[in-house]
Amino acid sequence: MTEKELVAACRRQDRRAQKELYDRYSRAMYTACYRICADFDLANDALQEGFLKVFQKLDTYRGESTIGAWMKVVIVRTALNKLRRHKVTQELPLNYADEEINWDTTSLDTEYLERAINQLPDGYRAVFVLIEVEGYKHQEVADMLNISVGTSKSQLFYAKKKLREFLRHYV
Amino acid sequence: MKEKNHDKLRDALNKLPAYDAPGSAWDAINDGLSPTLADQLPTYQPAAGVWNAISRQIEQAELAALQQTGAKQRSLPWRKLAGVAAAIALLLTIGIGLNGVDRPAKVTVAYHQEVAPAMTIHDWNTEEVSFTNALAVIEARNEPKLNALGEELVELNEAKEEIKAILVAYGEDASVIRQLAEIERDRSDIYRQIIEL
């Protein structure tokens, strides 16, 4: 079944098609929820609530992006709402344009990196994951988190700075 | 912000593990998509008379509130009135005193335009066809119980015409409109009884 056929069947409330769509995307969506929430239980709740929203709102999908991209926005938004603590962390003003972050020439340990990401404050982690892992633009992140583009950029900088510090401790 | 060796971060991020959702997740979604018992059970429309009863009670409460306000206004204490009168007298005295001072005359003209509301009379005849049809059916069936209801309906129709004439002659007075609404409610009660028979 093509994606278009699958979406059409889901719109008719065909339960088998809905399960098929879930099977195709649940891994990617669950991982995204976990990256944002840093908690498997919370990620599970977000996934369930998010997929229900997807099926209930499927009539509003206009086909302007892929179904996967559309679903991810719905589910990521649900995960951010679940987090409830995603308010951006206030920092003292700093001219971060002049700051430098050096990730070193040696390879980063994936396991340490994941632990370090999970240790980030919720607001930093949300911005870092959405931009660096999920590939959203600052404008999209600003819309999702209801913040300005400038705030999104500075949050990303602070997230990276903190991540770098954490990783130094692990090494 | 300057970033050195960003490719190292990118490589590591690409290697981050992915996770499978727990098996129970789909069951929960499936449950959420299935209609609940409440969705499956039938729903019921209350009898038309229920709204009439509610409407009557609301009107009675409004009337009681209006009467209470009227009573309060009537029982305004004389001492208060005397105080108000004294204050007005004092202000008038000061005003007259100030007027005595010789000042150049300053004339201002104020005006205000208002749009008069259109003279419309509420249409109370929207349901008349149903009542006429009901009377025709009663006449055709000629059953004692229906005939009694028919007579009541005719009386109410006549009462309604009288009230309408008063409305046209004296304008839309609130108490007359209330009477008309009361008649309409009684007529719809009788109409419902006729339909049930």
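Throughout, a chain's letter reflects where its sequence line sits, starting with A, and its residues are numbered from 1.
Contact of A:Phe128 with chain B is made through the side chain alone, with heavy-atom distances under 4.5 Å. Contact of A:Gln18 with chain B is made through backbone and side chain together, with heavy-atom distances under 4.5 Å. Both the backbone and the side chain of B:Asp20 come within less than 4.5 Å of a heavy atom of chain A. Using a 4.5 Å cut-off between heavy atoms, A:Lys153 does not touch chain B at all. For A:Leu156, no part lies under 4.5 angstrom from a heavy atom of chain B. Contact of B:Asp7 with chain A is not made at all, since no heavy-atom distance falls under 4.5 Å.
In summary, A:Lys161 and A:Glu165 do not engage in a salt bridge, as defined by a charged side-chain N under 4.0 Å from a carboxylate O.
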Inset, instruction - Give the C-alpha distance, both sets of side-chain angles, the deciding distance and a yes or no for salt bridge (charged side-chain N to carboxylate O under 4.0 Å, His left out) between A:Glu20 and A:Arg24. - result: CA-CA 6 Å; A:Glu20 171 72 27; A:Arg24 280 192 199 179; 3.0 Å; yes
Inset, instruction - I would like to know whether B:Arg141 and B:Glu143 meet salt bridge (charged side-chain N to carboxylate O under 4.0 Å, His left out); could you show each step before the answer? - result: CA-CA 6 Å; B:Arg141 283 173 59 178; B:Glu143 289 170 23; 3.2 Å; yes
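Ring geometry, A:Tyr22 versus A:Phe51: the interplanar angle exceeds 60°, so the pair is classed perpendicular (tilted spans 30 to 60°).
Looking at A:Asn44 and A:Gln48, their side chains do bring a donor and an acceptor atom within 3.5 Å of each other. Checking A:Gln139 against A:Asp143 by side-chain atom types alone, a donor-acceptor pair falls below 3.5 Å.
In this structure, A:Arg164 contributes its side chain and A:Asn102 its backbone to a donor-acceptor pair below 3.5 Å.
Comparing A:Arg35, A:Gln56, A:Met29 by heavy-atom pairs within less than 4.5 Å of chain B, the highest count is held by A:Arg35. Comparing A:Asp109, A:Leu47, A:Thr110, A:Asp45 by heavy-atom pairs within less than 4.5 Å of chain B, the highest count is held by A:Thr110. In terms of heavy-atom pairs under 4.5 Å with chain B, the best-connected choice from A:Phe55, A:Trp103, A:Tyr34, A:Phe40 is A:Trp103.
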